[in-house]
Amino acid sequence: MIVLELEVIKETPQKRITLVRELDKRNIYIKKELKTYNKTIWEKLKQLDIEGIPHIYSIEENEDGLEIIEEYLACQTLSDILDEHTFSNLEAYQIIRQLCIILDVLHQQDPQIIHRDIKPENIFYDGKQVYLFDFDIARNYIENQKRDTTVLGSPGYAAPEQFGFYQTDIRSDIYSLGVLYHVLLTNKLPRD
């Protein structure tokens with residue numbers, strides 16, 4: 001797919017995210033260029049094509065890293081919404097329920113896919129449907145491994161094992177989901 005870059009959305013030393021348009025058409029996509037990545041997870045996500053995760057159109061590995069073209073979703077993140085709104089009990093429940101369904105599919109894979117960065121900034125919400133994205137630090141569960149090889153996660157949302165104590169597993173995502181539920185209802189982290 002040949003694309004024309006429209007706007008840089010985010011740029012760090014590890015990744016570059018841009019809004020792009022297909023050259024000969026009007027279709028808009030997100031292009032991610034990753035320096036650190038797990039190609040196997042991105043390929044599995046493309047193959048699964050799970051409702052609630054942006055559709056992945058292409059994955060290409062080159063000398064600079066991994067390039068992913070994925071669905072553009074024109075909606076706000078939960079973080080954006082929380083700046084102006086605290087969710088009702090019912091709204092928060094519906095959001096968490098949808099995330100549980102998405103995570104169940106990821107956690108049923110062999111090997112299990114652990115997202116490891118569930119937080120409001122990584123979830124789009126259009127008022128009805130949630131979309132979990134940003135699988136940059138996702139990993140597969142590895143049987144008999146004592147610790148993760150890389151310590152990653154967002155403070156306040158990451159489970160304690162993500163800071164080098166043990167290997168992350170599906171319980172790490174469930175921990176983060178619990179923190180998110182609290183934030184949706186109170187607009188505060190549990191530690192606050």
**Q** Out of curiosity, Ile41 CD1 to Ile59 CD1, how far, rounded to the nearest 0.5 Å?
**A** 11.0 Å

**Q** On a heavy-atom basis, which atom in Ile56 and which in Lys46 lie closest, and how many Å separate them?
**A** O-CG, 3.5 Å

**Q** Which residues satisfy the side-chain contact (heavy atoms from CB on, under 4.5 Å) test with Leu19, sequence neighbours excluded?
**A** Leu6, Glu7, Ile9, Ile28, Ile30, Tyr72

**Q** Is it the case that over 12 heavy atoms from other parts of the model lie below 6.0 angstrom from the CD atom of Glu5?
**A** yes

**Q** Nearest 0.5 angstrom please: Gln109 CD to Ile113 CD1, how far?
**A** 5.5 Å

**Q** Got a sec: does the CD1 of Ile2 have more than 12 other heavy atoms crowding it under 6.0 Å?
**A** no

**Q** Between the side chain of Asn187 and the main-chain N/O of Leu82, is any donor-acceptor distance below 3.5 Å?
**A** yes

**Q** Treating Ile, Leu, Val, Met, Phe, Trp and Tyr as nodes and any side-chain heavy-atom pair under 4.5 angstrom as an edge, say whether Leu45 and Ile68 lie in one connected cluster.
**A** yes

**Q** Supply the atom-to-atom distance Ser58 OG to Glu67 CD, rounded to the nearest 0.5 angstrom.
**A** 6.5 Å

**Q** Per the salt bridge (charged side-chain N to carboxylate O under 4.0 Å, His left out) rule, which among Lys15, Lys10, Arg16 passes with Glu33?
**A** Arg16

**Q** In the structure I gave you, are the side-chain heavy atoms of Asn140 and Asn38 within less than 4.5 Å of one another anywhere?
**A** yes

**Q** If I take atom CG from residue Leu34 and atom NZ from residue Lys39, how far apart are they, to the nearest 0.5 angstrom?
**A** 12.5 Å

**Q** Of Glu70, Arg21, Glu22, which is the lone residue that meets side-chain hydrogen bond (donor to acceptor under 3.5 Å, both in side chains) with Tyr29?
**A** Glu22

**Q** Check the hydrophobic clustering (I, L, V, M, F, W, Y; side-chain heavy atoms under 4.5 Å; chains of links allowed) and say if Ile50 and Leu177 are grouped together.
**A** yes

**Q** Say you draw a straight line from CG of Leu48 to CD of Gln108; how long is it, rounded to the nearest 0.5 Å?
**A** 11.5 Å

**Q** Can a donor-acceptor pair be found between the side chains of Tyr131 and Glu71 at a distance below 3.5 Å?
**A** no

**Q** Side chains of Val20 and Leu4, heavy atoms from C-beta outward: is any pair under 4.5 Å?
**A** no

**Q** Apply the side-chain contact (heavy atoms from CB on, under 4.5 Å) test between His115 and each candidate in Leu132, Asp136, Ile137; give the one that qualifies.
**A** Leu132

**Q** Same cluster or not: are Tyr175 and Ile123 linked, directly or through other Ile, Leu, Val, Met, Phe, Trp or Tyr residues, by side-chain heavy atoms under 4.5 angstrom apart?
**A** yes

**Q** Donor-acceptor pair, distance only, cut-off 3.5 Å: does the side chain of Glu84 make one with the backbone of Ile81?
**A** no

**Q** Could you work out the complete set of other residues in the hydrophobic cluster of Val8, with links drawn between I, L, V, M, F, W and Y side chains under 4.5 Å apart?
**A** none

**Q** Taking the side chain as every heavy atom from C-beta outward, state whether Trp42 and Lys32 have any atom pair closer than 4.5 Å.
**A** yes

**Q** Please give me the minimum heavy-atom distance between Gln112 and His107, naming the atom from each residue.
**A** CG-O, 3.1 Å

**Q** Is the backbone N or O of Gly127 less than 3.5 Å from a side-chain atom of Tyr125, with the two atoms forming a donor-acceptor pair by type?
**A** yes

**Q** Once rounded to the nearest 0.5 Å, what's the spacing between atom OH of Tyr57 and atom CD1 of Ile69?
**A** 11.0 Å

**Q** Is any side-chain heavy atom of Leu103 closer than 4.5 Å to one of Ile170?
**A** no

**Q** Can you give each donor-acceptor pair under 3.5 Å made by side-chain atoms of residues 94-102, sequence neighbours left out, with the distance rounded to 0.1 Å?
**A**
unit_1, atom_1, unit_2, atom_2, d
Gln98, OE1, Gln129, NE2, 3.4
Gln98, OE1, Val130, N, 2.9
Gln98, NE2, Lys128, O, 2.7

**Q** Please check this pair: side chain of Ser176 against backbone of Ser172, looking for a donor-acceptor N/O pair closer than 3.5 Å.
**A** yes

**Q** Side-chain contact test, heavy atoms from C-beta onward, threshold under 4.5 Å: evaluate it for Phe133 versus Thr77 and give yes or no.
**A** yes

**Q** Answer whether the closest heavy-atom distance between the side chains of Pro120 and Leu180 falls below 4.5 Å.
**A** yes

**Q** Which residue, Thr86, Leu189, Asp192, forms the side-chain contact (heavy atoms from CB on, under 4.5 Å) with Val183?
**A** Leu189

**Q** Are the side chain of Asn122 and the backbone of Asp134 linked by a donor-acceptor contact shorter than 3.5 Å?
**A** no

**Q** Got Leu106 and Phe135 here, is their nearest side-chain heavy-atom distance under 4.5 Å?
**A** yes

**Q** If you take all heavy atoms of Val179 and Pro190, which pair is closest and at what distance?
**A** CG1-CD, 3.7 Å

